[in-house]
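Report on the structure given below.
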Amino acid sequence: MAIAGQFTIEETKHAIPTTMRAAVYRGIDDVRVETVPVPQIGAGELLVRVHTCGICGTDLKKIASGSHSAPRIFGHETSGVVAAVGQGVNQFKPGDRVVVFHHIPCGTCFYCRHKTFAQCETYKKVGCTAGFEPSGGGFAEYVRVMDWIVDHGTVRIPDGVSFEQACFVEPVNTCMKGIETLQLVPGESVLVIGQGPIGIILASLAKRSGARVITSDLYPERLTISNTFGLQNKIDASRVDSVKVVREQTEGRGADASILAVGGSGLIRAAMDAVRPGGRVLLFAQTVRGEATIDPAAICVDEKTLLGSYSASVDLQADSVRFVMNREMELERLISHRFSLASSVEALRLAANPQRDSMKIVIQAGRS
Ligand SMILES: [Zn+2]
Ligand SMILES: [Zn+2]
């Protein structure tokens with residue numbers, strides 16, 4: 001007997017096919033929808049039927065740069081339903097709605113003790129896969145969740161919270177980590193450059209920490225959306241000079257901090273010019289190695305600090321889960337496009353070439 005949104009163990013067993021569709025990365029800018037085996041699970045592991053997987057800037061970077069060997073199946077902002085459990089798994093059962101992290105640090109190595117979790121060797125080991133070299137696997141119908149992720153990186157989705165809302169746990173965590181790095185003090189002013197989905201989450205979290213938030217984007221459409229999240233102090237960078245406006249709003253000084261939520265190095269200079277002497281600049285989207293032009297005197301003479309933040313923090317996992325599951329922000333409203341797995345190549349192309357009206361783009365394996 002089926003209960004709404006759940007399957008009995010027998011039905012779930014029946015429902016698992018031997019092959020599935022997946023978006024397979026085959027090389028630089030080459031992702032193909034292929035039929036692959038449904039992953040086998042071992043003791044202590046889970047098989048999760050994917051409902052929604054968000055496309056993240058880091059997926060796009062890996063696909064465009066060839067930084068990782070092929071073939072792989074990417075996708076790490078994954079929510080879905082437990083389809084099968086391995087021997088010895090007691091905390092989850094088929095039918096449970098879950099969101100899974102794709103990597104979790106060991107907690108004991110040098111980097112973990114120094115709270116630089118993203119540099120931990122265990123953290124770099126990916127514990128979710130849909131086949132090939134483990135790489136997240138969310139752009140497929142099923143993912144295998146390995147034992148240490150089952151134990152420390154799988155979170156139940158409460159009733160009343162959608163799969164779409166839940167898939168934001170990882171991106172929210174990365175944004176919380178960035179905000180923590182910036183050490184905002186209530187009342188401080190912060191400019192958030194870029195109001196794509198990540199910029200809006202960063203700006204909302206900055207506001208939550210008591211900062212006075214100014215947002216900017218070249219696309220007024222995005223500012224209209226960020227406005228609906230309560231971010232009213234906005235600069236249309238297509239029409240006015242953001243640095244000038246920020247200075248006008250801060251008695252000529254510049255903001256106490258700025259966050260760069262737009263990729264590339266073209267706006268680093270603006271992000272630094274927008275802060276006052278002694279201010280901080282957080283690079284959040286500069287994931288591609290290269291060189292950038294920086295005024296060294298802005299750091300030495302003006303005493304501005306350049307900071308960076310990458311990936312998630314296990315210390316913020318509980319906080320990010322609470323934020324998402326308590327619906328402190330209606331994150332699913334950030335989703336502008338939903339694609340089926342069959343259309344995942346198109347989804348990735350759109351995500352890599354953001355349009356005025358595109359925000360968060362997700363792939364939904366169950367969608368036809
Ligand atoms: Zn991500
Ligand atoms: Zn470690």
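Counting from 1, the numbers follow the sequence of the chain as shown. What you see below is based on every heavy atom in this structure, not just the backbone, and it leaves out hydrogens, waters and symmetry mates. Remember, predicted model here, so these are calculated numbers, not experimental data. We count ligands from 1, going down the list as the structure has it; atoms in each ligand are counted the same way.
- In the model, Asp315 has no side-chain atom that pairs as donor or acceptor with a side-chain atom of Ser313 under 3.5 Å.
- Below 30°, between 30° and 60°, or above 60°: for Phe74 and His68 the angle between ring planes is above 60°, a perpendicular geometry.
- Draw a line from the Zn ion (ligand 1) to SG of Cys56 and another to OE2 of Glu77, and the angle between them is 90° (to 10°).
- Angle SG(Cys109) to the Zn ion (ligand 2) to SG(Cys106): 110° [nearest 10 degrees].
- With Glu332 as the partner, the salt bridge (charged side-chain N to carboxylate O under 4.0 Å, His left out) test is satisfied by one option alone out of Lys360, Arg327, Arg338: Arg327.
- Its N, O or S atom nearest to the Zn ion (ligand 1) is what matters here, and for Glu170 that atom is OE1.
- When atom types are taken as modelled, the side chain of Lys304 and the backbone of Met272 share a donor-acceptor pair closer than 3.5 angstrom.
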